[in-house]
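Numbering of ligands and ligand atoms starts at 1, following listing order. The first residue in the sequence is number 1, and the count goes up from there.
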Amino acid sequence: MSPPKGEMILVTGGAGYIGSHTIKALLSRGYEVVALDNLSVGHREFVLCEEFVEADLLDREALERVFREYPIRSVIHFAARTAVGESVENPEIYYYNNVVGTLNLLSAMRKRGVEEIVFSSSAAVYGDPEQIPIPEDHPKRPKSPYGRTKLMMEEVLADYARAYGIGYVALRYFNAAGSDPEGVIGEWHDPETHLIPIVLEAALGVRDYVEIFGTDYPTPDGTCIRDFIHVVDLAEAHVLALERLREGRASPAYNLGTGVGHSVRKVIEVCREVTGREIRVVEGPRRPGDPPALVADPTKAEQELGWEPRFTELEEIVATAWEWMLKLYGHR
Ligand code: UDP
């Protein structure tokens with residue numbers, strides 16, 4: 001079934017890491033897309049659709065204008081602040097951007113009768129897991145303001161669904177990683193806080209070493225375990241979730257991960273293999289707020305959405321991240 005013409009999908013945060021990859025996936029399926037981003041962390045050149053609006057979700061006027069000007073049928077909402085550590089230090093930015101921003105978006109949608117939204121949520125809603133892998137109905141005890149903003153918005157969406165008939169899906173990402181294998185767009189955060197790009201920067205020599213945050217966790221090698229999911233697989237899941245939502249058969253939330261966990265030490269080892277370079281490691285203390293292990297149970301997304309991650313091996317994920325990084329830093 002080809003997407004209906006004359007109906008657009010609004011992608012907020014369309015200049016960001018996961019948003020830009022999702023726009024690429026939507027365009028390849030023939031969807032018409034308008035991107036919105038305040039460019040606080042995103043990159044204008046990553047927006048591959050023609051229609052782009054530079055605006056902030058805290059600017060209600062600008063938001064309402066977007067809904068008046070474009071024939072928007074559905075929203076995929078990525079725009080948010082995403083760093084756990086920063087949210088602990090400065091929660092105000094998180095509550096305004098992630099909570100107030102989303103409330104503004106929902107009220108602009110309601111004014112125009114737009115009733116479909118796919119929401120970027122996170123494994124951070126779970127907090128310290130009681131069981132691994134983590135199913136969607138696992139208790140939710142977020143450990144950071146970031147995680148709390150995501151959980152709050154899931155609850156708001158559930159209330160809006162009941163009261164106003166809005167249709168929504170929350171996608172709980174585990175650790176997004178890798179880059180577009182065609183090398184058109186990729187992961188680019190400034191400053192970088194994520195493990196794989198940091199390790200690859202150490203391989204490239206743009207940083208001297210990688211610090212392991214904690215080697216005394218109750219895991220086989222003492223370092224944290226994470227479930228790395230390729231950004232292209234995440235993008236694909238958004239398209240599938242939107243289609244399921246349109247059929248009126250979507251569940252409120254889906255975990256998006258591979259179901260396999262890798263330790264921080266393992267990630268560094270794989271980065272050494274893929275790059276063939278030296279990577280200096282320094283062992284440091286734990287980073288506050290990090291759960292020892294986060295691994296998804298992705299069964300529901302696989303069964304209900306028909307989602308099948310393509311990049312199941314960590315080596316493949318790291319290889320696409322490395323190709324992109326060589327390009328980003330101009331082949332050193
Ligand atoms: N990590 C690390 N050194 C770094 C960055 C991250 O040891 O320089 C660890 C971090 O403590 C966590 C894992 O790598 O256990 C993944 O961290 P990241 O920030 O990439 O993602 P998060 O799990 O916080 O979403």
Sequence neighbours excluded and cut-off under 3.5 Å, please list the side-chain donor-acceptor pairs for residues 42-52, or say none.
| residue | atom | partner | partner atom | Å |
| --- | --- | --- | --- | --- |
| His43 | NE2 | Trp188 | O | 2.9 |
| Glu51 | OE1 | Tyr70 | OH | 2.9 |

Let me have the donor-acceptor pairs involving side chains of residues 250-258, under 3.5 Å, with sequence neighbours excluded, atom names and distances please.
| residue | atom | partner | partner atom | Å |
| --- | --- | --- | --- | --- |
| Ser251 | OG | Glu304 | OE1 | 2.7 |
| Ser251 | OG | Glu304 | OE2 | 3.3 |
| Tyr254 | OH | Ser251 | N | 2.9 |
| Tyr254 | OH | Glu304 | OE1 | 2.6 |
| Asn255 | OD1 | Tyr126 | OH | 2.6 |
| Asn255 | ND2 | Ile134 | O | 2.7 |
| Asn255 | ND2 | Asp297 | O | 3.4 |
| Thr258 | OG1 | Asp227 | OD1 | 2.8 |
| Thr258 | OG1 | Val260 | N | 3.1 |
| Thr258 | OG1 | Val260 | O | 3.3 |

Query raised in the report: For ligand 1, what are the residues with a heavy-atom contact below 4.0 Å?
Result: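 The 4.0 Å shell around ligand 1 contains Asn175, Thr193, His194, Leu195, Ile198, Glu211, Ile212, Phe213, Cys224, Arg226, Val264, Arg287, Asp290.
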**Report entry** side chain to side chain contact (heavy atoms under 4.5 Å, CB included) partners of Ser120, counting only residues at least two apart
**Finding:**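 Side chain to side chain contact (heavy atoms under 4.5 Å, CB included) check on Ser120 returns Phe78, Lys150, Tyr173.
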Query raised in the report: Between Glu243 and Arg246, is there a salt bridge with N-O shorter than 4.0 Å?
Result: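 No salt bridge links Arg246 with Glu243.
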Query raised in the report: Charged N to carboxylate O below 4.0 Å: is that the case for Glu154 and Arg172?
Result: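 Looking at Glu154 and Arg172, the cut-off is met.
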Query raised in the report: Would you say the side-chain atoms of Tyr146 and Glu86 include a donor-acceptor pair closer than 3.5 Å?
Result: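 Result is no, nothing qualifies.
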